[in-house]
Amino acid sequence: MLSVELIDSLFPADLPSPAHWESWYPARTLPGGAEVTRFAPSPTGWLHIGGIFTAGVNQDIARHSGGRYVLRVEDTDRERFEEGALAQFEAGFEYFGIAADESDAAGGGYGPYTQSQRAAIYETYARELMRQGKAYPCFETPAQAEARVARQKAAGALPGYYGEWAIWRDAPEDQVRARLEAGDPYVVRFRSPGVGGARVSYTDLIRGEISADDNRNDVVLLKRSDSESRLPVYHFAHPVDDHLMGVTLVIRAEEWISSVPLHHQLFDALGFPRIPYAHVAPLMKQDGGSRRKLSKRKDPEASVGYYIEQGFPAEAVVYYLRGLANGRLAELPLPQALAEPLRLREFGVAGPLLDMVKLDDISADYVATLPGAEILDRVLTWAQVYDKDLASVVSAERELALRALAVEREGAENKRKDLRKWADFRPVYGFFFPEIFELVTDPSDARFGGLAPDLVRAMAAGFAAGYVEPGPDVEWFEQIRSLAGSLGFALRQKDYKKDPDAYPGSIADAAAVIRVLITGSRQSPGFTEVAAALGRAEVLRRVRALS
RNA sequence: GGCCCCGUCGUCUAGAGGCCUAGGACGCCGCCCUCUCAAGGCGGUAACGCCGGUUCGAAUCCGGUCGGGGCUACCA
């Protein structure tokens with residue numbers, strides 16, 4: 001065992017003691033049953049959508065138990081740190097309505113909530129562990145570590161720093177001193193009490209009893225001594241922070257399950273009471289024949305930014321995610337499902353596939369419940385950031401936009417479900433706005449479905465010549481019908497199907513000509529209402545655009 | 001390689017030994033409505049990975065096997 005004098009020389013002389021931090025962060029006084037949870041993302045770019053999922057779960061459990069939800073930033077990896085990530089986190093949490101009760105931004109008595117600002121705390125506990133002989137300095141270089149792992153693999157041994165491979169674990173003091181005097185950098189490693197062959201088990205709040213080999217790896221606690229500030233690795237920061245912050249329940253992703261034996265050893269060595277765990281399944285992605293973890297690198301829909309940029313309503317996304325967590329909630333109507341508490345016991349244990357088609361469906365249903373004015377407001381809010389042209393056109397013609405959105409929506413028994421996300425507005429309703437509508441001028445345009453150009457011209461000309469505006473006593477579509485009839489189109493689909501050669505097309509084809517001219521597409525909301533919303537002049541301008 | 005987790009329709013799931021001829025939702029297919037699309041109505045397609053055991057009886061319990069995922073970093 002290293003002398004206290006040597007150990008202390010490794011740390012600042014004024015480093016506080018554990019007792020200092022314990023009293024600095026007093027025990028919480030919360031009602032019985034209240035859970036303190038936390039979400040601890042790493043600032044490496046946009047949050048993974050799974051992060052919104054996990055954060056939402058943590059917040060929900062805290063809120064419904066009368067506890068606190070803490071947001072902690074785990075920025076101990078300088079290499080992967082991305083400037084701007086924090087702002088993106090904030091944007092993501094705000095968009096999805098997941099506000100932390102405690103964080104650097106929200107305040108709270110257990111901060112700072114950013115790990116890089118807690119370096120002294122980790123050092124205190126690292127020194128304490130060393131003083132007790134539960135941790136030690138290790139001078140193995142990265143290159144040596146690599147070589148060690150290669151030798152272990154060749155020898156058929158488990159990779160890791162343990163047993164005979166842990167050469168600094170019991171190194172004599174003068175050897176350590178010599179390296180220190182030479183100025184060699186070192187890491188602080190945990191002296192794991194695990195022995196080969198030992199088994200441990202614990203109860204996961206979602207999965208129940210889980211057993212595994214005990215940890216016997218002397219993991220790194222504090223990274224290289226020659227980095228700017230000596231920061232901890234996750235495994236060490238986790239027990240220290242969660243203990244000091246008074247966290248009572250750790251809900252995190254499944255990939256941490258195999259680290260639980262290590263984490264328990266650390267809690268024990270530190271003298272902290274263990275904290276219960278709940279490990280949630282990761283979101284998956286279908287990839288060819290198999291499935292894999294949804295990856296931010298490969299899958300655009302893995303990034304929270306995607307949902308924001310596309311303008312998926314947060315309510316729909318959250319509802320979908322909650323349904324994935326608790327199947328029970330997926331069967332409930334949205335407002336109810338959002339209000340119901342999540343129950344850990346009901347969580348699925350298998351990683352669900354993210355189904356964007358299902359999300360589309362949920363989202364379309366949700367948007368259909370919104371009044372036109374609200375849809376417009378939200379489209380505008382979105383467009384001001386992601387489609388500025390649309391934003392200026394639409395806000396200049398607010399009344400028209402409202403009329404457009406009212407079609408088959410206001411007072412309709414079955415409301416249109418053609419908007420899944422705000423980015424859909426332009427392709428679906430853009431034609432209502434003259435400024436961004438592109439006139440159709442070519443009679444042989446593919447959108448006319450291969451109809452003879454002469455017929456297309458005749459339809460357009462006839463329609464324009466006798467145009468009657470929609471009104472209370474007007475059977476508006478009748479003018480298309482009679483025009484189509486006089487040009488020889490089959491007036492009933494059935495007739496046309498029976499004998500396609502006898503007609504140039506059916507009434508549907510004839511109507512399509514007018515539809516394409518007016519809306520630029522073969523598909524659109526109700527014809528009559530569209531014409532009414534556009535007004536006589538604009539309808540005629542578009543129909544007459546044909547050269 | 002070692003250890004861990006998981007395995008019901010294409011997808012999300014209900015199912016905790018007889019209520020299962022396996023239910024619902026999304027998708028898909030068909031029909032109806034119809035000037036197109038969306039919506040809506042009606043109907044249909046489709047699953048307990050496999051093999052053994054326990055039991056009068058198994059999707060449900062046990063074992064094995066196969067498949068998928070995770071961990072095995074001075075990343076989290």
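All chains are named by letter (A, B, ...) in the order of the sequence lines, taking the proteins before the strands, and each is independently numbered beginning at 1.
- Donor-acceptor pairing under 3.5 Å, judged by distance alone, is present between the side chain of R416(A) and the base of C37(B).
- Among the protein residues, S259(A) comes within range of no part of the nucleic acid, since none of its heavy atoms lies under 4.0 Å from any strand.
- S524(A) comes within 4.0 angstrom of a base, heavy atoms only.
- Using a 4.0 Å cut-off between charged nitrogen and carboxylate oxygen, E340(A) and R322(A) do not count as a salt-bridge pair.
- The side chain of R199(A) has C4(B) as its nearest neighbour among C4(B), C35(B), A76(B).
- In this structure, Q88(A) contributes its side chain and A85(A) its backbone to no donor-acceptor pair below 3.5 Å.
- By the 5.5 Å and 30° criteria, F527(A) is not stacked with the base of C35(B).
- With distances taken from any side-chain atom of K223(A) to the nucleotides C35(B), C75(B), G70(B), the minimum falls on C75(B).
- Within 6.0 Å of the CD atom in E478(A), the count of heavy atoms belonging to other residues, nucleotides or ligands exceeds 12.
- Within the 4.0 angstrom heavy-atom criterion, no nucleotide atom of any strand lies near E478(A).
- Taking only distance into account, the side chain of R522(A) never meets the base of C37(B) through a donor-acceptor pair shorter than 3.5 Å.
- Nucleic acid contact for L324(A): sugar-phosphate only, since backbone atoms but no base atoms lie under 4.0 Å from a heavy atom of the residue.
- E79(A) comes within contact range of no nucleotide atom at all, as no heavy-atom separation falls under 4.0 Å.
- Using a 4.0 Å heavy-atom distance criterion, P352(A) is classed as a sugar-phosphate-only contact.
- Taking 4.0 angstrom as the limit, R481(A) places a side-chain polar atom (N or O) nearer than this to OP1 or OP2 of C35(B).
- Within 4.0 Å (heavy atoms only), T76(A) reaches sugar-phosphate atoms of the nucleic acid but no base atom.
- The side chain of N414(A) lies closest to A39(B) when the candidates are A76(B), G69(B), A39(B).
- An OP1 or OP2 oxygen of G40(B) is reached within less than 4.0 angstrom by a side-chain nitrogen or oxygen of K417(A).
- Distance F477(A) CZ to C37(B) C1': 14 Å, rounded to the nearest Å.
- Using a 4.0 Å heavy-atom criterion, one finds that E413(A) contacts no nucleic acid atom at all.
- When F139(A), Y161(A), Y136(A), Y186(A) are each tested for a ring-ring contact (aromatic ring centres under 6.0 Å, His included) with W168(A), only one passes: F139(A).
- Under a 4.0 Å N-O distance rule, the pair R38(A)/D241(A) does not qualify as a salt bridge.
- Looking at heavy-atom distances under 4.0 Å, R207(A) makes contact with sugar-phosphate atoms alone, never a base.
- Taking every side-chain heavy atom of M284(A) into account, G69(B) is the closest of G69(B), U36(B), C3(B).
- Counting non-hydrogen atoms under 4.0 angstrom, V349(A) reaches the backbone sugars and phosphates but no base.
- Residue K285(A) places none of its side-chain N or O atoms closer than 4.0 Å to OP1 or OP2 of G69(B).
- Closest to the E331(A) side chain, of the nucleotides G24(B), A76(B), C35(B), is G24(B).
- Among the nucleotides A76(B), A25(B), C6(B), the one closest to any side-chain atom of K358(A) is A25(B).
- Between H279(A) and Y277(A), the ring centre distance stays below 6.0 Å.
- In the set C12(B), A38(B), U72(B), U72(B) carries the atom at the smallest distance from any side-chain atom of P159(A).
- C26(B) is paired with G10(B) under the criterion used here, namely a Watson-Crick or G-U wobble arrangement in which both key atom distances are under 3.5 Å.
- A350(A) comes within 4.0 angstrom of sugar-phosphate atoms only, judged by non-hydrogen atoms across all strands, and of no base.
- Looking at heavy-atom distances under 4.0 Å, A212(A) makes contact with sugar-phosphate atoms alone, never a base.
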